[in-house]
Each structure stands twice: as structure tokens, then as C-alpha cells.
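All residue numbers refer to positions in the sequence shown, counting from 1. The figures that follow rest on heavy atoms only: side chains count, while hydrogens, waters and symmetry mates do not. Only a predicted model underlies this, so the values are computations on that prediction, with no experimental measurement involved.
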Amino acid sequence: MRTKEHCPAQVLRLRWLTLGVIAACYIVCRFLTPVLALPLGVAALVLFRKGKRKGAPMWSLLGAAGILVWMGLFTLLFVSPVMTHYGETMEFTATVTDYPTEGRFSLSVPITFSPATVFPVHGIAYLNTEETLLPGDVVHLSATLADPTQPSSNMPHYQRAQGVFVIAKKTKVLDISHQQRIPSRYWSKTLRQRLKQQISTLFSGETASFFTALLTGDQSALSDVLKDRLERLGMRHIIAVSGLHIAFLAAILLQLPLPIQLRQLLCVPVLVGFCLMTGAKPSVVRAVAMGCALLLASFVRRDNNPWSSLRAALFLLLLHNPFCMEDIGLQLSFLSVAGILLFTGSINQWLMEHGPKFRGKLGNSLKQRISGSFATSLGALSLTLPLCAVFFGRVSLISPLANLLTLWAVELGFSFGFLAVVFSFILPGLGSFLAFFARFFLNLVLFITQALSELGYYAAITSDVPLYVVWMVGMYGLLLLLLLRPEMKKHLRPMLAGVVGMLVMVLYLHRVFLLSGGLAVQVLNVGQGQSILALSEDKAVAIDCGGYDAGSILAAHMEDVGEYQLEILMLTHLDDDHVNGLPVLLEQVHVQTLLIPATEKETRRELDALVKPYGTKVVTLKKETRFPFGQATLRCFAPVGKEGDNNLGLSAVIEEGEYAVLVTGDMDTKTEERLLKKHALSADVLVVGHHGSATSTGDALLEAVHPKTAVISAGKGNSYGHPAEKTLTRLTKAGCVIRRTDREGTVTLKSR
């Protein structure tokens, strides 16, 4: 039996062992090929055996060795057999493992199959079929197998972290064998599908999609506008099933009129079933593991240790898939819990001691709830904020307030909604009655998020502004100082005032930098797309709004300088990579005038319907027109091409004095020559046409315009190969300084 004297040393060793596991796993996932894991693990074991096996470094080395060996074996057994077939077109038989998701062009179908191995490999097949596919169905396919890694993403190994190791593209369905009954191992998927269908009968519209995300984790029906609102307010976690939802569900079950121990035992299988039903995502597994440990602690006569539960959940996840460390959901989930465990208690105590005084029981209860909510939000943010800045490019400043105003309503909406769905299967009348209350609270959450999103100036800031990065580094420097020197807590108030004061200062300095001293042009980092923001004094215009999360990114960069109105938004043409961010942008920013090229009547009707609620005027540009804004001018040119959307698009020059920025859209070299014949052009900066395609930015354009700087808007590792080597060579020969969004992020240019 272990003595108390041994416990601290064992706990310390376990901590260092865990740190070694995390460090080795993350390094391999992020930077190295998994093939190297096994030899690195064996080498680490040899070093451990030859070492003294004492001290923190050696225990960390042992943890690293263990996870590296497991990653290597996992790769040999489950990944290597399919890696050899990447790029090949082959026939194979696969089993459907979940209900298909309908995409824009095809069905996304989760599958498993066994290529030259007895161990099944999990993947996704993109199919074009009208037949209904159910979990357990067997399909015979001909497809090209592809690596699921996406180099164009800032989370390139996301699918591998989710247990997906192959993608089947260019798929032909050769045969489908339907099963008479769905196998029992897929019953959790069937339950989720039944719940989604039941939700659709009890709720409608945005409320239905919102509650579907809350209860099942399926966000596919949520609008981009709502997702952006929640992200901007720091509330995206409420639709990502995690500890919050587990706590809500456990709270409902613990209210049942049963003996307390029976209630606790009942919670365990229900929580495990909920985890399987929602897809056993890392954040849910972590929450369920910690919840079950807490519920069962009294039965095994041990105190619940949240840190031990957290480590146990991590090891369980790594045992199932050692590559899950790359999952952003896992990282955010574990860091938020760690932040809560480290800081929430101290923050709550400080708020209770130094916050405003309330009288009476009700006042004290209200104060405890408010301070507890703030403390929990700040604790969760303390360690997750840098990760959000890196992966999502935006940091919410209003998150604690937004969560305080909405989480109580989310809890009531979830509770009433869950009970409504359950009772609707057995007592439809009672289910409909409970759904009425659920709708009230869910709609209240949606109303509050919309109101905060519209009224919240500086609700969020982008993380690619150097001044904002300086502020975050300074803030974490103070946090580290408090951790290393606890006696500094007596100076907490002036420290907080300093953090807030520094934030106000950097917001002001960034605004002054962009809005004073001439024209500022930002070619935004929107991946494989294009969006350009131009600012002069207190006026703003933009060209295009397409790419990855383009509407949100353009709105965020305007919010960084306190601007919430675009005088002009010019769309060079209506391809997705130039316009798909428009719905989200219109929700956040008032666009006075939308300039477009001539288009089909149906497309024009769709545009008119889209912008009508926002009071935006749509103008078809048919001749050269100048639009002054601030001290600058947007000079727009009508289409000069003969055919094709790219060549029948608009082009423009943004100019202030003698400084000019030329934007040609996606026109090819022949259309560029036609543009030069019709207009005398020169520019200091050229936004390179068609994302650096070889068919644009010809020698004639470069010789006539003679730009000093060329900016290429392209996605990192995009499948088109943009920018083309031929284009880069032409730009280099023309003496241009080449700047690229895929390498340096948003490119900011100033006239003076």
C-alpha cells in the first residue's frame, strides 16, 4: 500500500512524464513525418536505460519514448498500409461507418476499408449517388486515394487528428450492398440521426440548427453568419460539444427523484452514450472522462483529483489515436480546463473581495454567480487566448461579458430542449410543451448574440497586427510574473489598469497608423481568394470579398480601426473566391454601394435579395467611374474582355496623389493588353492578377505599369500551384519586390 510520503514524488514524476508525452507527440505531429517516430522512440528508450533514471529530464524522456514507440507502431499498423497507395486509382470495398453529409458537389461518406492489412483504415469518400447510404452498408468503389493532409490550412493535420487517414476522390460507385439492419456498433449514429429528425419536428429555422449543434455537435446546418457572431463574441465553444454540455446533461440527471448514488451511477452510462452519439470527439472524451471520475470517486473511496483525471483522459485519447494531439479542439479543451483549475479560484476570490458590495441574500447570491462566471471565463481564456490568436486570427475582447449574459440561457435552453426531445418520443404533447420554453431561451441567446455583435465596438481584434501581438505578450508577461512571484498580487489593481491602458493605447496607435498620413491599402490574408481594404482618413472602400472566412476577416480589419461602413465594395467578378464572404460581411459592416460587372438576371436577383435587408445599393458598372473617399480615389474600369467571367470582370486603381495601386482581378494577359489600350495606367503597387496564375500579369502589363511592388493573394499550399513560377520569374525580371499573403499574411501598404 502506498504511503502519503511517496505520493508527492510519484505525482511529480507523473507530471514530468506527461510533459514528455505532450512535447514528443506535438513535435512529431506538427513538424516530423510519423515514420521517424519508432526509431526516435527506441533511441529515447536506450538513453533512458543508460541514464540514471532520476530527475525530471529522465522522466520526461521516458514519457517521450513511450509515446514515440506507440506512434511508430500505430503508423506501421494503421497508416503505412494506405500511405503506399496515395495518388493511386484503385478498386476496393469499404464499409460506411456513419450517415453521409451532403456537400456542395457531392456526399461526404465516412468509411473503413482494409488495404493489404487486417486492420481497418478510416477515411472519407466523396460520392455522387442518389442511393440512400446507411451505416453498415458495403460499397464497392473505384477511386483515387489521397493524403488527408491539407497544406493550405493552418491546421494541416486536422483530419489525421480526427482519425481520418485517407481521402477517396474521383470516386465511382461500382456496387452497393445494403444491410437489412444497421449493426449494433453503429446504433449511436442512428440515435444521433433520430434526435436530429426529432429536433426538426420541434424547432424550425435557425433555432433548429442551433439546438442541433448544441445537442449533437452537428454544425453543418448553422449559417456562416451565426458561426461568425459566436466566434467574434468568444462564444464558439457553446456549439462545440464539450464539458459545458456534459455539465448541463449531468445536472439534469442528478435532479431525478432517485437515491444520490443511483443517480451518480446512472449518469455514467448516459454520459458515455452521449460521448459516442456526438462522435467521441477529443473535447467530449476529456469531459466525460473527468465527469465519470468525479461521479465514481466516492464509490472507490478516493478523492477526485482533476489533474489526474485530465491526464487519464489525455492518455486514453492518445491510446486511441496518438495523432489526436494536433486536434485544435483537444488543445483548446485541455488548456481551458487547465486555465480554470489554475486561475479561476484566485480570480473568483479577488472579485468577491474587491468587487462591489451587495446587500441581502439575493444580492450576495447574484454577486457569487456573476463573479463565478467572470472568473471561469477568464480562467478558460488565460491559456487558450494565444491558441485562438494563432489558429483563428482573432481574439474576442467581449467574451467574459458575452458569456455572462448568455450561458444561463444556454443552460436553460439545452435543459428544456433535451427534455422536450426525450419526452417527444413517448409523450408528444409534453414534448411540444417543453419545446415552447426551450425555444424561448434559445431564441433569447440568438437575440443577445446578434445585439452584442451589432453594438460591440472593438468586440474583437485581429492577431496579425504587430501592436496587438505586443499587447498580448505584455499581458502574458504580467501573468507569468504573478505566477513566479505571488507576493505581487497586492499590486493586481494597478496591473489590471496597466493591461487595459496598454490595450487602449495600441488600439489608438493602430488606428492612427492606418487612418492618418495618406492612403493605407491592406491585401488581406484570406487563403485562396482575394479581398483588399483601402482606408483614407475615416473612409473605407474594398475590392472583392472572397476566400477563407473572407467576410469575417475584412470586417475584423475594419473593426481594428473602428470603422463599420464601406463607402464602396467593388466585386471584380462573381466567382466564389472573390464573393463568398459577402453574406457575413453585410451582417457586420454597412456597405453603401456594391459595384458589380454585368451578370445574368438570376444572379442579379439573388444579389438584390441578399443586400435588400441591409439597404445596400447595387450598381452595374458600365463605364469608367471615380469614387472619392477621404484624400484618395477609387477609379473603377468597366469590363474590356470578350468572353469568360474572369475577362468580363472589373478592374480598378486606388490612388492618392501620385501613389497608385492597380487591381486587375482574374483577367488574362490578352485582356490586360486590351485594358492598356483603353486606359493609360501606371502604379507603384500591382495586386497580381488571378492569384499569380501563369496566364495573368504578362510582360506588356509589367512594362507599361512598371510597379515597384507586386502583391500576390494566394492560399498557402493551394492545389492550383499559385503563384506560378513563370509569373514569379516575370515579376523578378521587372524589378518588383514580391510580397505574398501565403507567406507573410496580410500585406499592409502605405502611400506615405
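Using modelled atom types and a 3.5 Å distance limit, the side chains of Arg286 and Ser333 yield a donor-acceptor pair. Donor-acceptor pairing under 3.5 Å is recorded for the side chains of Thr149 and Asp147. Ser309 and Asn305 are not linked by any side-chain donor-acceptor pair at a separation below 3.5 angstrom, with hydrogens and angles left out of the test. Side-chain atoms of His691 and Ser713 form no donor-acceptor pair, as typed in the model, at a separation below 3.5 Å. Checked by atom type, the side-chain pair Thr89/Thr144 shows a donor-acceptor distance below 3.5 Å.
A donor-acceptor pair under 3.5 Å is absent between the side-chain atoms of Ser346 and the main chain of Phe343, judged by distance alone. Without hydrogens or angle criteria, Thr727 side chain to Ser693 main chain gives a donor-acceptor distance under 3.5 Å. Thr95 contributes no side-chain N or O that, together with a main-chain N or O of Val138, makes up a donor-acceptor pair within less than 3.5 Å. A donor-acceptor contact shorter than 3.5 Å links the side chain of Asn403 to the backbone of Ser399. Panel note: side chain Ser60, backbone Leu19; no donor-acceptor pair is recorded below 3.5 Å. Between the side chain of Trp59 and the main chain of Gly20, no donor-acceptor pair closer than 3.5 Å is present. Judged purely by atom type and a 3.5 angstrom limit, Thr729 uses its side chain to pair as donor or acceptor with the backbone of Glu725. Using a distance-only test at 3.5 Å, with no hydrogens or angles considered, a donor-acceptor pair links the side chain of His245 to the main chain of Ile238. For Thr746 (side chain) and Asn525 (main-chain N/O), a donor-acceptor pair under 3.5 Å exists by modelled atom type. Not one N or O on the side chain of Thr216 forms a donor-acceptor pair closer than 3.5 Å with the backbone of Met277.
Taking CG of Leu191 as the reference point, atom CZ of Phe274 lies at 10.0 Å (rounded to 0.5 Å). Atom CG of residue Leu47 and atom CG of residue Leu62 lie 12.0 Å apart, to the nearest 0.5 angstrom. Interatomic distance, CG of Leu296 versus SG of Cys267, reported as 10.0 Å (0.5 Å rounding). Rounding to the nearest 0.5 angstrom, the gap separating the NZ atom in Lys169 from the OH atom in Tyr126 is 7.5 Å. To the nearest 0.5 Å, atoms CG (Leu36) and CD1 (Ile27) are separated by 12.5 Å. Between the CG atom in Leu318 and the CD1 atom in Ile67 there is a gap of 4.5 Å [rounded to 0.5 Å].
Proximity of Leu145 to Phe92: side-chain heavy atoms (C-beta onward) are separated by under 4.5 Å at one or more points. When side chains are defined from C-beta on, Leu310 counts as touching Met290, because their heavy atoms get closer than 4.5 Å. Taking 4.5 Å as the limit, every side-chain heavy atom of Glu91 sits out of range of all side-chain heavy atoms of Leu141. Two residues are said to be in side-chain contact when any heavy atoms from C-beta on lie closer than 4.5 Å; Val526 and Asp549 fail this criterion. Looking at heavy atoms from C-beta onward, Val285 lies out of side-chain contact with Val288 at the 4.5 angstrom threshold. Within the 4.5 Å cutoff, the side chain of Val688 has heavy atoms near those of the Leu731 side chain. Side-chain contact check for Ser106 versus Leu127: every heavy-atom pair is 4.5 Å or farther apart. In this structure, Met472 and Pro386 have side chains that are not in contact, with every pair of non-hydrogen atoms separated by 4.5 Å or more.
Residues Trp471 and Val499 share a closest heavy-atom pair of NE1-O, 3.1 Å. Heavy-atom minimum distance, Ser463 versus Arg394: OG-N, 4.0 Å. Here the closest heavy-atom approach between residue Thr75 and residue Pro34 is recorded as OG1-CB, 3.5 Å. Closest heavy-atom contact between Leu728 and Pro723: CD2-CG, 4.0 Å. Closest of all the heavy-atom pairs between Val121 and Val82 is CG1-CG1, 4.0 Å. When all heavy atoms of Cys388 and Leu332 are compared, the pair lying nearest together is SG-CD2, 4.0 Å.
Gln528 pairs in a side-chain contact (heavy atoms from CB on, under 4.5 Å) with only one of the listed residues (Asn718, Asp742, Thr741), which is Asn718.
Counting heavy atoms of neighbouring residues, nucleotides and ligands inside a 6.0 Å radius, atom NE2 of His320 does not exceed 12 of them. The number of heavy atoms from other shown groups lying within 6.0 Å of CH2 (Trp307) is above 12. Residue Tyr476 qualifies as enclosed at atom OH: its count of foreign heavy atoms under 6.0 Å is above 12.
Among residues at least two apart or in separate chains, salt bridge (Lys or Arg N to Asp or Glu O under 4.0 Å) pairs with a member in residues 235-247 are Glu231-Arg236.
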Exercise for the section: Could you please spell out the steps behind the side chain to side chain donor-acceptor pair (under 3.5 Å) verdict for Thr97 and Arg185? Expected result: CA-CA 9 Å; Thr97 60; Arg185 63 180 178 275; over 6 Å; no

Practice task
I would like to know whether Val395 and Leu385 meet side chain to side chain contact (heavy atoms under 4.5 Å, CB included); could you show each step before the answer?
Solution key: CA-CA 7 Å; Val395 173; Leu385 189 145; 3.7 Å; yes

Practice task
Report the C-alpha distance between Arg160 and Glu326 in whole Å, list the side-chain angles of each, state the deciding distance to 0.1 Å, and finish with yes or no for salt bridge (Lys or Arg N to Asp or Glu O under 4.0 Å).
Solution key: CA-CA 8 Å; Arg160 186 174 71 180; Glu326 184 69 2; over 6 Å; no

Problem - Verdict with reasoning, Gln264 to Leu294, per side chain to side chain contact (heavy atoms under 4.5 Å, CB included) - result: CA-CA 9 Å; Gln264 291 175 332; Leu294 177 62; over 6 Å; no

Practice task
Starting from the C-alpha separation in whole Å, work towards a yes-or-no answer on side chain to side chain contact (heavy atoms under 4.5 Å, CB included) for Leu383 and Leu342.
Solution key: CA-CA 10 Å; Leu383 299 183; Leu342 286 171; 4.2 Å; yes

Practice task
Please report the C-alpha distance between Met58 and Leu61 in whole Å, then the side-chain angles of each, then the deciding distance to 0.1 Å, and finally whether the side chain to side chain contact (heavy atoms under 4.5 Å, CB included) criterion is met.
Solution key: CA-CA 5 Å; Met58 295 307 295; Leu61 184 64; 4.0 Å; yes

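Under 4.0 Å is where a charged nitrogen must lie from a carboxylate oxygen, and between Lys281 and Asp327 no such pair does.
Note on ring orientation: taking the six-membered ring where Trp is involved, the planes of Phe78 and Phe74 are tilted (angle from 30° to 60°).
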